[in-house]
Amino acid sequence: MALLPILTYPDPRLHTVAKPVQAVDARIRALIADMLETMYDANGIGLAATQVDVHERLIVIDVSEERNQPLVLVNPEITWASAEKQVGDEGCLSVPGIYDGVERSRAVRVRAIDGEGQSREVEAEGLLAVCIQHEMDHLLGKVFVEYLSPLKRNRIKTKMLKARRDTERV
C-alpha cells in the first residue's frame, strides 16, 4: 500500500469527469487499498479517485467513529434522493482548511459494485448520505466550493493558490 498525493483546488484535473471502471481487478483492488490508506492518513471520511488523479468512477468512505468500516463504491449511481434537504458544513481533502454550508439531500440510495466486484445497493442518510453525494460530485468533476457564491469561491481560490506558492518556497 502507498500514500497517494491528493490534488488541491483549483487544480484543473479536479474538473475531469471520471470514466467507468471496466473491472474490479488487481489494479483496482490495489488502488482501493491505497485510497483507503491515503484517506485515513489525511483524517478524511471520503475520497474519490479523481482526487488522486485517477479518473475512474471509484470512491472510498468511512464515517465510523472507529475508522474501521470502509465502504467502497465502484461505478456508483444514485437511484433515489430524498426531496428533503439539509444544509451542513462540508470540508474536502482537496480544499484543506475550508468548510462551508452546502445543501444536500438528507437521504440517498446508491447502486454500485463493491471492492470484491459484487453488485450492491446502499441506503444512506445523514453524514453518510452527504459524504456519498460529495464524493460522487468529484466523479463528475465538481468540487464543493462550486456550490458557494462566486465571491466566496474566488476568495478560497486565492487562499489556496497563496498556500501553494508559500509551500513551494519552503
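The first residue in the sequence is number 1, and the count goes up from there. The structure presented is a predicted model; accordingly, all values stated were derived computationally and were not measured.
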Between the main-chain N or O of E37 and the side-chain N or O of D41, is there a donor-acceptor pair closer than 3.5 Å? no
Taking the side chain as C-beta and beyond, is there a heavy-atom pair between F144 and V95 under 4.5 Å? yes
Heavy-atom side-chain proximity of E121 to V110 below 4.5 angstrom: no
Residues L4, L31; criterion side chain to side chain contact (heavy atoms under 4.5 Å, CB included); working and verdict: CA-CA 9 Å; L4 303 170; L31 177 60; 4.1 Å; yes
Can you check whether P20's main-chain N or O pairs, donor with acceptor, with N75's side chain at less than 3.5 Å? no
Go through the steps to decide whether V60 and L71 satisfy the test side chain to side chain contact (heavy atoms under 4.5 Å, CB included), and finish with yes or no. CA-CA 6 Å; V60 297; L71 175 63; over 6 Å; no
K85 atom NZ, over 12 foreign heavy atoms within 6.0 Å: yes
Please determine whether side chain to side chain contact (heavy atoms under 4.5 Å, CB included) holds for the pair Y99 and E90, giving the CA-CA distance in whole Å, both sets of side-chain angles, and the decisive distance to 0.1 Å. CA-CA 5 Å; Y99 298 88; E90 287 188 26; over 6 Å; no
Look up atom CG in L73 and atom CG in D114, then write down how far apart they are to the nearest 0.5 Å. 9.0 Å
Does the side chain of R111 come within less than 4.5 Å of P76's, by heavy atoms? no
Please give me the minimum heavy-atom distance between L93 and A42, naming the atom from each residue. CD2-O, 3.6 Å
Closest non-hydrogen atom pair between V72 and G115, with its separation: CG1-N, 3.8 Å
Just verifying a value: how many Å separate E125 CD and Q86 CD, rounded to the nearest 0.5 Å? 9.5 Å
Closest contact, heavy atoms only, L36 versus P70: CD2-CB, 3.7 Å
Single-linkage hydrophobic cluster, 4.5 Å side-chain cutoff, I78 and L127 together: yes
Restricting to non-hydrogen atoms, name the atom on A2 and the atom on T38 that form the minimum distance, rounded to 0.1 Å. O-OG1, 3.8 Å
With clusters defined by side-chain heavy atoms of hydrophobic residues (ILVMFWY) lying less than 4.5 Å apart, directly or transitively, does L148 cluster with L14? yes
Do side-chain atoms of S94 reach the backbone of L7 as a donor and acceptor pair under 3.5 angstrom? yes
Is there a donor-acceptor pair under 3.5 Å between the side chain of H138 and the backbone N or O of A48? no
Please, which pairs that meet salt bridge (Lys or Arg N to Asp or Glu O under 4.0 Å) have at least one residue in residues 139-160, sequence neighbours excluded? D100-K152
Cluster link I61 to V122, ILVMFWY, side chain under 4.5 Å: yes
CG-CE distance between L47 and M35, expressed to the nearest 0.5 angstrom: 4.5 Å
Do the side chain of R104 and the main chain of A129 share a donor and acceptor less than 3.5 angstrom apart? no
Should M136 and Y147 be counted in the same cluster of Ile, Leu, Val, Met, Phe, Trp and Tyr side chains packed under 4.5 Å apart? no
Work out which heavy atom in T16 is nearest to a heavy atom in T50; give both atom names and the distance. O-CG2, 4.1 Å
Residue pairs fulfilling salt bridge (Lys or Arg N to Asp or Glu O under 4.0 Å) with at least one residue in residues 4-29, sequence neighbours excluded: D11-R13, R13-D53, R27-E56
Treat each ILVMFWY residue as a node, draw an edge where side-chain heavy atoms are under 4.5 Å apart, and state whether L139 and I32 are in one component. no
What is the minimum heavy-atom distance between S105 and S82, and which atoms define it? OG-O, 3.1 Å
CG of L58 to CD of E135, rounded to nearest 0.5 Å, is 10.5 Å
Mark yes or no for whether T79, through its side chain, and R109, through its backbone, hold a donor-acceptor pair below 3.5 Å. yes
Gap separating the CD1 atom of I45 from the CG atom of D62, nearest 0.5 angstrom: 9.0 Å
Working note: D137 + V143, criterion side chain to side chain contact (heavy atoms under 4.5 Å, CB included); need CA distance, chi angles, decisive distance, verdict. CA-CA 7 Å; D137 275 353; V143 181; over 6 Å; no
Just how far is it from atom CD of Q69 to atom CG of L128, taken to the nearest 0.5 Å? 10.0 Å
Are the side chains of V24 and I113 in contact, using a 4.5 Å heavy-atom criterion? yes
